[in-house]
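Structure in structure tokens, see below.
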Amino acid sequence: MVIGKLRLGFSEKTIFDALSQMTSGGKSLRKELDNTFQIYPDPGYITQVVKERGMAGLKNVRVKTGVPVVPALCQRLNNYREIVDKMGEAAVERKYDGTRVQIHFNRLKNEIRTYTRNLEESSPMFPELFQMNKWIMGDEVILDCEAVGYDKKTGKVLPFQITITRKRKHGVAETAKSIPLRFFVFDILSLNGRSLIEEPYFERRKFLTKVVKKNETIVPDEYFKTDDPVEVQKLHDKFLKEGFEGAVIKMWNGEYLPGRQGWNWVKIKEAEGASGKLSDTLDLVILGYNLGKGKRAGFGMGAFLVGLRRGESWVSIAKVGTGLTDEEFKGLKIKLDKSKTKEKPKDYLVSGSLVPDVWVEPLVVVEIAADEITKSPNHAGGIALRFPRLIKFREDKGPKDATTWKEVEEIAKLSLN
DNA sequence: CTTGACTGCCC
DNA sequence: ATTCTGC
DNA sequence: GCAGAATGGGCAGTCAAG
């Protein structure tokens with residue numbers, strides 16, 4: 001099988017285009033090929049099926065234990081009513097900040113394989129799953145879950161940065177012991193050879209409940225049924241208070257749809273006008289910028305470095321490469337070039353890996369949003385912004401009006417509970 | 001043997 | 001991951 | 001509305017220089 005090295009959206013697209021051409025099937029054929037690929041991502045196999053049995057053969061390609069399925073993903077929406085309008089009855093779940101794991105368990109072959117969100121095999125990472133045979137009521141299953149590190153004493157879930165310290169090859173067992181993972185299972189894609197992806201959500205949930213015996217390591221994830229936007233809001237608030245990233249809302253009758261399709265699954269991190277995990281934006285000063293690649297090379301800028309005053313120095317806490325339109329990139333470059341400096345200004349503290357292509361005087365203030373403030377091993381400030389993006393240019397503000405170090409510390413403290 | 005630059009993959 | 005853009 | 005292409009922080013892993 002060719003699974004493993006291929007990335008979605010490249011080689012197989014070309015192959016399927018060619019296949020479409022050969023069989024002169026046009027667009028509907030392409031769509032069918034794509035859909036088949038999502039539940040059996042092996043272009044070689046699919047090509048063979050089409051050659052031998054034609055398009056009709058594709059109907060017999062089914063979800064199979066041991067062959068990864070492209071995981072279902074969420075759309076993002078920040079309005080409760082809109083979410084409910086789009087899907088009617090829905091299930092509301094917690095949004096965990098961990099790592100996606102698709103578990104394939106085959107009792108008879110004594111096989112336990114896992115795959116990541118991008119279909120990478122990750123089996124060696126999770127030795128705790130060796131005991132699956134005790135926890136699963138069935139001989140063959142595919143489960144979809146989020147694995148999160150947890151504190152053995154308090155039972156509380158740990159931050160992403162801790163979860164992801166899990167080793168991948170060597171010394172896996174040690175980290176598994178010191179930072180155990182809990183697998184929150186929220187879906188089941190097949191059971192004993194039968195595909196369940198076409199079953200509605202609530203039916204799959206029934207199977208899940210029967211199949212997974214709850215224990216320290218693996219837990220059927222909790223869900224709440226509702227069709228009321230206010231109820232969704234209450235749950236979302238509750239989850240945020242509990243320290244989770246937000247909520248995932250799923251169509252009650254929805255099939256398991258690989259990839260990001262329609263409004264079947266929706267995530268919400270912060271509601272319109274309200275605040276999510278990190279409630280405030282920061283007004284930061286641009287310290288330099290990087291020449292861009294691809295399309296951005298044309299603008300002469302791909303991202304810029306931002307920071308703030310700490311004592312007598314300017315320290316970086318993030319790079320920003322999104323949130324600007326193409327026009328804004330062009331305009332910003334022109335503006336920044338007016339205060340370009342040949343050398344790094346003496347009062348800048350920026351570590352090597354973050355040194356920009358072009359230094360500028362600390363003059364331009366930008367409002368930056370982020371999901372979280374984290375401890376940083378890279379940025380000179382010792383902290384960094386997770387998922388930084390530009391909100392707007394603060395032309396009304398000068399560098400002296402930027403967010404202060406003290407304010408950032410306060411915000412960081414609040415977001416750390 | 002340690003360290004740092006770099007890549008690939010998580011989010 | 002987030003965001004913008006061309007289709 | 002979707003796919004594609006820009007970009008972020010930060011982890012483990014690899015490999016070459018010191």
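Within every chain, numbering begins at 1; the chains are lettered A, B, ... in the order of the sequence lines, protein sequences first and strands thereafter.
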Under 3.5 Å: donor-acceptor pair, side chain of Thr341(A), backbone of Pro345(A)
no
Gln161(A) side chain, from C-beta outward: closest of dG10(D), dC10(B), dT7(D)
dG10(D)
Starting at the 5' end of DNA chain D and moving along, which residue's nearest nucleotide shows up first, Arg166(A) or Gly262(A)?
Gly262(A)
Picking from dC11(B), dT14(D), dG10(D), the nucleotide nearest the side-chain atoms of His170(A) would be dT14(D)
Which whole-number value in Å describes the distance from Leu354(A) CG to dG8(D) P?
10 Å
How would you label the contact of Thr163(A) with the nucleic acid (heavy atoms, under 4.0 Å): base, sugar-phosphate, or nothing?
nothing
Does a distance-only test, which skips hydrogens and angles, find a donor-acceptor pair under 3.5 Å between the side chain of Arg117(A) and the base of dC11(B)?
no
Any base atoms under 4.0 Å from Gln75(A), or only sugar-phosphate, or nothing? Heavy atoms, all strands.
sugar-phosphate
Roughly, in whole Å, what's the span from CG in Asp97(A) to P in dG10(D)?
13 Å
Here the gap from Asp187(A) atom CG to Arg205(A) atom CZ, rounded to the nearest 0.5 Å, amounts to 7.0 Å
Between dG4(B) and dT5(C), how far apart are the P atoms? Round to whole Å, please.
40 Å
Is Glu174(A) salt-bridged to Lys177(A), going by a charged N under 4.0 Å from an acidic O?
no
Taking the P atom of each, how far is dC6(B) from dT3(C), in whole Å?
30 Å
State whether Lys169(A) places a side-chain N or O below 4.0 Å from either non-bridging phosphate oxygen (OP1 or OP2) of dT14(D).
yes
Check every strand shown and say whether Leu390(A) touches a base, only sugar-phosphate, or nothing at a heavy-atom separation below 4.0 Å.
nothing
Testing dC10(B), dA6(D), dG1(D) for proximity to the side chain of Lys86(A), the answer is dG1(D)
Base, sugar-phosphate or nothing for Arg389(A)? Non-hydrogen atoms, less than 4.0 Å.
sugar-phosphate
Side chain of Gln102(A), backbone of Val69(A): donor and acceptor closer than 3.5 Å?
yes
Length of the line joining Arg386(A):CZ and dG9(D):P, which is rounded to integer Å
12 Å
Which nucleotide in the list dT14(D), dA12(D), dG1(D) gets nearest to the side chain of Trp263(A)?
dG1(D)
Sequence-distant partners of Thr322(A), side chain to side chain contact (heavy atoms under 4.5 Å, CB included), two or more places apart
Arg389(A)
Nearest to the side chain of Pro388(A) - dC11(B), dG8(D), dG13(D)?
dG8(D)
Specify the residue among Asp371(A) and Lys295(A) whose closest nucleotide of DNA chain C lies further upstream toward the 5′ end.
Asp371(A)
Run through Phe186(A), Trp265(A), Tyr201(A) and flag the one making a ring pair (Phe, Tyr, Trp, His ring centres under 6.0 Å) with Tyr256(A).
Trp265(A)
Check whether any side-chain N or O of Asn118(A) sits under 4.0 Å from OP1 or OP2 of dC9(B), and answer yes or no.
no
Please check the phosphate of dC10(B) (OP1 and OP2 only) for any side-chain N or O of Thr116(A) closer than 4.0 Å.
yes
Please check if the number of heavy atoms outside Glu312(A) that lie under 6.0 Å from its CD is greater than 12.
no
Flag, side chain of Asn118(A) to backbone of Glu120(A), donor-acceptor distance under 3.5 Å:
no
Check every strand shown and say whether Gly352(A) touches a base, only sugar-phosphate, or nothing at a heavy-atom separation below 4.0 Å.
nothing
Is the ring pair Phe329(A)/Phe299(A) parallel, tilted or perpendicular, if the boundaries are 30 and 60 degrees?
parallel
Check every nucleotide of DNA chain C for an atom under 4.0 Å from a heavy-atom of chain A, then give the first and the last such nucleotide from 5' to 3'.
dA1(C) to dT5(C)
Rounded to whole angstrom units, what separation is found between the CG atom of Leu305(A) and the C1' atom of dT7(D)?
14 Å
How close or far is atom P of dG8(D) from atom CD1 of Ile391(A), stated in whole angstroms?
17 Å
Rounded to whole angstrom units, what separation is found between the NZ atom of Lys319(A) and the C1' atom of dG9(D)?
10 Å
Nearest-angstrom distance from the residue atom NZ of Lys31(A) to P of dC2(D):
10 Å
Please compare Lys95(A) and Glu328(A) by the position of their nearest nucleotide in DNA chain C and report the one closer to 5'.
Lys95(A)
Starting at CD1 of Ile179(A) and ending at P of dA12(D), how long is that distance when rounded to a whole Å?
9 Å
Using a 4.0 Å heavy-atom cut-off, does Ser376(A) contact any base of the nucleic acid, only the sugar-phosphate backbone, or nothing at all?
sugar-phosphate
DNA chain D nearest-nucleotide lookup for Arg260(A) and Ala318(A): closer to the 5′ end is Arg260(A)
Hey, does the side chain of Thr374(A) come within less than 4.0 Å of dG10(D)'s phosphate (OP1/OP2), counting only N and O?
yes
With distance as the sole test, does His236(A) use its side chain to make a donor-acceptor pair with the main-chain N or O of Lys269(A) at under 3.5 Å?
yes
Nucleotide nearest Glu120(A) (side chain, heavy atoms from C-beta), chosen from dT7(D), dG13(D), dC10(B)
dC10(B)
